[in-house]
Amino acid sequence: MKVFKKVSTGFFIFVLLYALLVIFIPMLLDFMNITMNVKMQLFSLELGEIVNNSKEMYGTLTIYGILLSGIVGALLNISFYYIFKRRTHHSQL
């Protein structure tokens, strides 16, 4: 149960970070008067899009971006859990 909690926590945190970055980067660029159009892709999968120009300002999330960021977060969180669990387990006072 502890492993499932670690995996789900990492998934949730990284999905939230991804969503916040894609949504708030266009607003930040608008305040700095920067025009930009970026499509985030990994191989042929479109992960998201950030657009900020004189006519429109938006950030688009895709299911592939949400899933990929969640999987990366889950793997990182469970990896850190096992790395630090071993180190603290062997160091007893």
Side-chain angles (χ1 to χ4, degrees):
M1 191 66 170
K2 191 178 273 191
V3 172
F4 178 74
K5 185 177 179 182
K6 294 290 180 184
V7 168
S8 61
T9 302
F11 187 92
F12 183 68
I13 289 172
F14 270 69
V15 166
L16 279 177
L17 286 174
Y18 170 73
L20 289 174
L21 285 176
V22 170
I23 291 170
F24 286 114
I25 284 178
M27 292 190 324
L28 181 67
L29 293 172
D30 193 42
F31 287 130
M32 295 188 306
N33 290 327
I34 297 174
T35 59
M36 185 172 100
N37 184 6
V38 174
K39 284 190 176 187
M40 297 175 282
Q41 291 183 341
L42 180 68
F43 304 116
S44 64
L45 296 175
E46 189 171 327
L47 304 177
E49 184 177 9
I50 297 174
V51 174
N52 185 30
N53 55 33
S54 60
K55 295 180 183 176
E56 54 192 357
M57 174 188 73
Y58 64 88
T60 304
L61 301 172
T62 62
I63 190 68
Y64 298 120
I66 292 170
L67 287 176
L68 184 68
S69 66
I71 290 170
V72 167
L75 291 174
L76 281 174
N77 201 17
I78 199 68
S79 298
F80 288 146
Y81 171 71
Y82 280 122
I83 288 170
F84 293 122
K85 181 182 173 185
R86 282 193 197 124
R87 287 188 181 169
T88 56
H89 179 68
H90 294 297
S91 60
Q92 295 177 351
L93 294 177

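Counting begins at 1 with the first residue of the sequence. Since this is a predicted model, take the numbers as computed values, not measurements.
For Asn53 against Thr35, the heavy-atom pair with the smallest separation is CA-CG2, 3.9 Å. Between Lys6 and Asn77, the closest heavy-atom pair is O-ND2, 2.6 Å. The heavy-atom pair separating Met40 from Val22 by the smallest distance is CE-CG2, 3.6 Å. Heavy-atom minimum distance, Pro26 versus Tyr58: CG-O, 3.5 Å.
By the rule that hydrophobic residues join a cluster once side-chain heavy atoms approach within less than 4.5 Å of another member, Ile50 and Met32 end up as members of one cluster.
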Begin with the C-alpha distance, continue with both residues' side-chain angles, and end with the deciding distance and a verdict on side chain to side chain contact (heavy atoms under 4.5 Å, CB included) for Leu61 and Tyr18. CA-CA 9 Å; Leu61 301 172; Tyr18 170 73; 3.4 Å; yes
Please report the C-alpha distance between Tyr82 and Val3 in whole Å, then the side-chain angles of each, then the deciding distance to 0.1 Å, and finally whether the side chain to side chain contact (heavy atoms under 4.5 Å, CB included) criterion is met. CA-CA 9 Å; Tyr82 280 122; Val3 172; 3.2 Å; yes
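Atom CG of Leu47 is separated from atom CD1 of Ile63 by 11.5 Å, given to the nearest 0.5 angstrom.
Through direct or indirect side-chain contacts shorter than 4.5 Å among Ile, Leu, Val, Met, Phe, Trp and Tyr, Leu75 is connected to Ile71. In the hydrophobic clustering, where aliphatic and aromatic side chains (Ile, Leu, Val, Met, Phe, Trp, Tyr) are joined below 4.5 Å either directly or transitively, Leu20 groups with Phe24, Met27, Met57. Residue Leu16 is found in a hydrophobic cluster whose other members, listed by chain and number, are Phe12; membership requires side-chain heavy atoms under 4.5 Å apart, directly or through intermediates.
Distance alone, capped at 3.5 Å, is enough to place a donor-acceptor pair between the Asn52 side chain and the Ile34 backbone. A side-chain donor-acceptor contact under 3.5 Å links Thr62 to the backbone of Glu46.
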